[in-house]
Amino acid sequence: VGGIYNQIKVVNQGTVLAEHGTMRLSNVSVESTGILAAASDGVLQQNGGSVSAQTINVATGGSYTLSSGRLEANTFNGDFTQSAGTFAAV
């Protein structure tokens with residue numbers, strides 16, 4: 001039995017890191033009590049859905065791109081590009 005799941009829930013205080021490539025968040029729900037991060041050669045790309053994180057850290061050279069959906073963060077550090085969607089504080 002297989003399937004596609006549209007729910008990612010990070011419940012620890014750890015770090016989810018996009019390193020050496022792109023982490024595509026497309027029409028998913030992400031809840032992080034820790035840190036979402038992109039390394040200097042990493043990209044966080046959100047296309048729909050909702051992402052809620054306490055902290056988002058993007059290293060110099062990395063990026064977070066929001067093209068649709070809702071992004072909520074208590075703290076955001078680094079490069080951010082928003083072409084559409086909603087960005088709000090947690």
Side-chain donor or acceptor of [X] paired with backbone N/O of [Y] under 3.5 Å:
{"X": "Asn74", "Y": "Val90", "value": "no"}
{"X": "Ser52", "Y": "Ala73", "value": "no"}
{"X": "Ser32", "Y": "Ala53", "value": "no"}
{"X": "Glu72", "Y": "Thr86", "value": "no"}

Determine the minimum heavy-atom distance between [X] and [Y], stating which atoms define it.
{"X": "Ala88", "Y": "Arg70", "answer": "CB-NH2, 3.5 Å"}
{"X": "Ala18", "Y": "Val43", "answer": "CB-O, 3.7 Å"}
{"X": "Gln46", "Y": "Tyr64", "answer": "OE1-OH, 2.6 Å"}
{"X": "Ala84", "Y": "Ser67", "answer": "CB-O, 3.1 Å"}
{"X": "Thr60", "Y": "Ser40", "answer": "O-CB, 3.2 Å"}

Have Asp79 and Ser63 got a donor and an acceptor in their side chains that come within less than 3.5 Å? no
Could you walk me through whether Val51 and Leu36 pass the side chain to side chain contact (heavy atoms under 4.5 Å, CB included) test, one step at a time? CA-CA 10 Å; Val51 174; Leu36 291 179; 3.6 Å; yes
To the nearest 0.5 Å, what is the distance between CZ on Arg24 and CG on Asn47?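 Separation between the atoms: 8.0 Å.
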Do [X] and [Y] have side chains that get closer than 4.5 Å, going by heavy atoms?
{"X": "Met23", "Y": "Leu25", "result": "yes"}
{"X": "Glu19", "Y": "Asp41", "result": "yes"}
{"X": "Leu71", "Y": "Ile56", "result": "yes"}
{"X": "Phe76", "Y": "Val58", "result": "yes"}

When clusters are formed by joining ILVMFWY residues with side-chain heavy atoms under 4.5 Å apart, either directly or through shared neighbours, do Leu17 and Leu44 land in the same one? no
